[in-house]
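Written out below as structure tokens is the structure these notes cover.
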2 protein chains.
Amino acid sequence: MAPSNGKLSERQNKMLEFISDFVKEHPYPPSVREIQVGCSISSTSVVDYNLHILRREGYIKRSPDISRGIQLLDKDTGRAMGHPNAVSVPVFGAIAAGEPLMAFPDASEAEETLELPSSMLPARTDGIYALRVKGQSMIEDLIDDGDVVLFQRRQTASPGEMVAAWLKERGEATLKRYYPEGARIRLQPANSAMSPIYEDADNVEVQGVVVGVIRMFR
Amino acid sequence: MAPSNGKLSERQNKMLEFISDFVKEHPYPPSVREIQVGCSISSTSVVDYNLHILRREGYIKRSPDISRGIQLLDKDTGRAMGHPNAVSVPVFGAIAAGEPLMAFPDASEAEETLELPSSMLPARTDGIYALRVKGQSMIEDLIDDGDVVLFQRRQTASPGEMVAAWLKERGEATLKRYYPEGARIRLQPANSAMSPIYEDADNVEVQGVVVGVIRMFR
DNA sequence: GATAGAAGCGAACATTCGTTTGTATACATA
DNA sequence: TATGTATACAAACGAATGTTCGCTTCTATC
């Protein structure tokens with residue numbers, strides 16, 4: 001069996017992540033075969049082999065001969081983990097209205113946090129943050145004043161994606177669609193009453209792409 | 001099968017209690033046979049029989065053909081139990097596309113549930129449900145095809161509110177703005193390409209008012 | 001008494017699922 | 001080269017588990 005050096009293989013990490021995701025989305029733990037399929041493993045025996053290692057290393061607990069008898073443990077405390085369903089998303093100030101975004105916004109500086117179910121979010125739930133939209137520059141993309149927009153932190157974007165862009169010279173952030181055009185970048189509002197912004201590529205810093213919109217009335 | 005009078009037999013109550021105790025002591029739900037032994041029932045078919053009743057009455061949710069696929073629901077709200085701060089919102093079929101809404105939609109019949117933080121929702125978090133929007137009849141109110149719309153269950157609405165309305169004669173539900181005009185009701189789409197619907201007040205049943213919109217890209 | 005539905009029963013069936021077995025490959029080491 | 005170990009693979013085995021079926025018992029109703 002594997003050496004007891006505490007390091008996990010890539011496959012073992014993937015399995016842990018799969019189990020963690022699975023229990024967030026289901027009221028029961030995964031079976032060996034569900035792990036097999038979810039992690040693209042060719043044989044159930046390989047799953048079992050690595051589950052033994054995860055158990056020995058203290059990452060999980062297994063109930064022998066019981067279907068779905070897998071329990072995630074907190075590696076540090078060795079205690080059972082609950083149902084860590086919620087991802088807390090920091091909500092920063094309004095976009096397009098000042099200086100909302102530092103390079104690495106810290107959750108502690110958020111005005112509030114939003115507890116969102118991880119099932120709602122894309123696979124990578126880290127680097128998710130939210131901004132409250134100010135103004136109607138994206139009204140034709142169905143994003144209204146006051147909406148909360150969820151972003152995935154990224155430094156690059158594909159043409160046409162909605163991004164939070166930091167305009168260095170102006171010292172402000174803005175929500176627009178991203179269109180690189182050679183050395184310059186067109187930031188296109190979704191409001192026919194407004195004109196696109198053209199900026200030198202050096203002056204535009206993508207800080208995240210839109211992954212969702214939440215609007216609550218009242 | 002049993003009459004749908006909402007009362008549970010002694011045996012069914014015992015089963016519920018057993019399941020509740022079981023999930024507190026184990027990281028996985030009980031199997032049919034474990035319920036059988038724990039409740040001193042002679043046959044697994046009796047367990048299955050009563051589990052069907054519990055499901056129909058909204059006490060549990062079952063995942064067919066999945067071992068230990070039993071989930072306790074909160075009878076009052078029809079929500080999944082076990083997530084302290086989260087409210088699980090049942091998501092039913094698409095609106096404006098057939099017959100999505102029965103009089104009292106049952107959480108156990110939801111195609112999926114959404115775990116939302118109670119902080120996101122209005123004070124009263126019971127009677128919240130969600131529908132996936134089909135079509136673009138509310139596009140000018142910034143609700144797009146595919147969006148998930150959150151409703152608060154209500155039988156009445158104020159003029160101008162967005163409601164899920166059940167048209168008895170047509171046997172269909174629709175998402176529109178609500179304008180009572182004497183004995184008839186105008187159901188106004190937010191799409192200038194579409195005409196309002198006029199219906200006799202007797203033929204319109206408000207089933208809920210819109211309290212939020214969620215749109216996830218991916 | 002006849003009938004029908006609710007509830008229970010025992011057994012069998014079919015699938016899911018944990019486990020084992022035999023083998024293969026890569027790599028380190030003696 | 002030979003040997004042992006870690007990892008992976010495919011297949012099969014057998015236990016666990018969900019489901020179904022035919023029958024019985026009980027009770028309410030006509």
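Naming: A, B, ... by sequence-line order, numbering from 1 per chain. Keep in mind that this is a model prediction, so the values were computed, not measured.
For the pair B/I35 CD1 and D/dT19 P, the interatomic distance rounds to 11 Å; values are reported in whole Å. Distance B/H26 NE2 to D/dT17 P: 11 Å, rounded to the nearest Å. Computed from coordinates, the A/D48 CG to C/dT19 C1' distance equals 6 Å when rounded to whole Å. In this entry the distance linking CD of B/E57 with C1' of C/dA7 reads 15 Å, nearest Å. Here the P atom of nucleotide C/dA7 and the CG atom of B/L54 are 11 Å apart, to the nearest Å. Rounded to whole Å, atom P of D/dA8 lies 15 Å from atom NE2 of A/H52. Counting to the nearest Å, the C1' atom of D/dG18 and the OH atom of B/Y49 are 18 Å from each other. The separation between B/Q36 atom CD and D/dT19 atom C1' is 14 Å, rounded to whole Å.
The phosphate of D/dA6 (OP1 or OP2) has no side-chain N or O of A/N50 nearer than 4.0 angstrom. For D/dT19, one of the phosphate oxygens OP1 or OP2 lies less than 4.0 angstrom from a side-chain nitrogen or oxygen of B/R62.
Residues passing the side-chain hydrogen bond (donor to acceptor under 3.5 Å, both in side chains) test with B/N203, sequence neighbours excluded: B/E199. Looking at residues two or more places apart in sequence or on another chain, you find a side-chain hydrogen bond (donor to acceptor under 3.5 Å, both in side chains) between B/S67 and A/S67, A/R68. Partners of A/S63 according to the side-chain hydrogen bond (donor to acceptor under 3.5 Å, both in side chains) rule, which considers only residues two or more places apart in sequence or in another chain, do not exist here. Residues satisfying the ring pair (Phe, Tyr, Trp, His ring centres under 6.0 Å) test with B/F18, not counting sequence neighbours, are B/F22. Residues that satisfy the side-chain contact (heavy atoms from CB on, under 4.5 Å) test with B/P27, not counting sequence neighbours, are A/Q71. Residues meeting the side-chain contact (heavy atoms from CB on, under 4.5 Å) test with B/D144, sequence neighbours left out: A/L142, B/Q136, B/I139, B/D147, B/R215. Under the side-chain contact (heavy atoms from CB on, under 4.5 Å) criterion, A/S42 pairs with no residue, sequence neighbours left out. In this view, A/R62 and A/D48 satisfy the salt bridge (Lys or Arg N to Asp or Glu O under 4.0 Å) rule, not counting sequence neighbours. With sequence neighbours excluded, the residues forming a side-chain contact (heavy atoms from CB on, under 4.5 Å) with B/A157 are B/E161, B/V163, B/Y178, B/V206, B/V209, listed by chain and number.
For the pairing with B/D141, the side-chain hydrogen bond (donor to acceptor under 3.5 Å, both in side chains) check across B/K176, B/Q188, B/R177 returns one residue only, B/R177.
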Strictly under 3.5 Å: I want the nitrogen or oxygen pairs between protein and nucleotides 13-17 of chain C, one per line.
{"from": "C/dC17", "atom 1": "OP1", "to": "A/R68", "atom 2": "NE", "distance (Å)": "3.1"}
{"from": "C/dC17", "atom 1": "OP1", "to": "A/R68", "atom 2": "NH2", "distance (Å)": "2.2"}
{"from": "C/dC17", "atom 1": "OP1", "to": "B/S67", "atom 2": "OG", "distance (Å)": "3.3"}
{"from": "C/dC17", "atom 1": "N1", "to": "A/R33", "atom 2": "NH1", "distance (Å)": "3.4"}

Distances under 3.5 Å only, N/O to N/O: pair up the protein atoms with those of nucleotides 9-11 of chain D.
{"from": "D/dC9", "atom 1": "OP2", "to": "A/R11", "atom 2": "NH1", "distance (Å)": "3.1"}
{"from": "D/dC9", "atom 1": "OP2", "to": "A/S42", "atom 2": "OG", "distance (Å)": "3.1"}
{"from": "D/dC9", "atom 1": "O5'", "to": "A/S42", "atom 2": "OG", "distance (Å)": "2.5"}
{"from": "D/dC9", "atom 1": "N4", "to": "A/S45", "atom 2": "OG", "distance (Å)": "3.2"}
{"from": "D/dA10", "atom 1": "OP2", "to": "A/S42", "atom 2": "O", "distance (Å)": "3.4"}
{"from": "D/dA10", "atom 1": "OP2", "to": "A/S42", "atom 2": "OG", "distance (Å)": "3.1"}
{"from": "D/dA10", "atom 1": "N7", "to": "A/S43", "atom 2": "OG", "distance (Å)": "2.7"}
{"from": "D/dA10", "atom 1": "N6", "to": "A/S45", "atom 2": "OG", "distance (Å)": "2.6"}

Atom pairs, protein N/O to nucleotides 25-28 of chain D N/O, distance under 3.5 Å:
none

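For B/Y129 and B/F151, the ring centers are positioned less than 6.0 Å apart.
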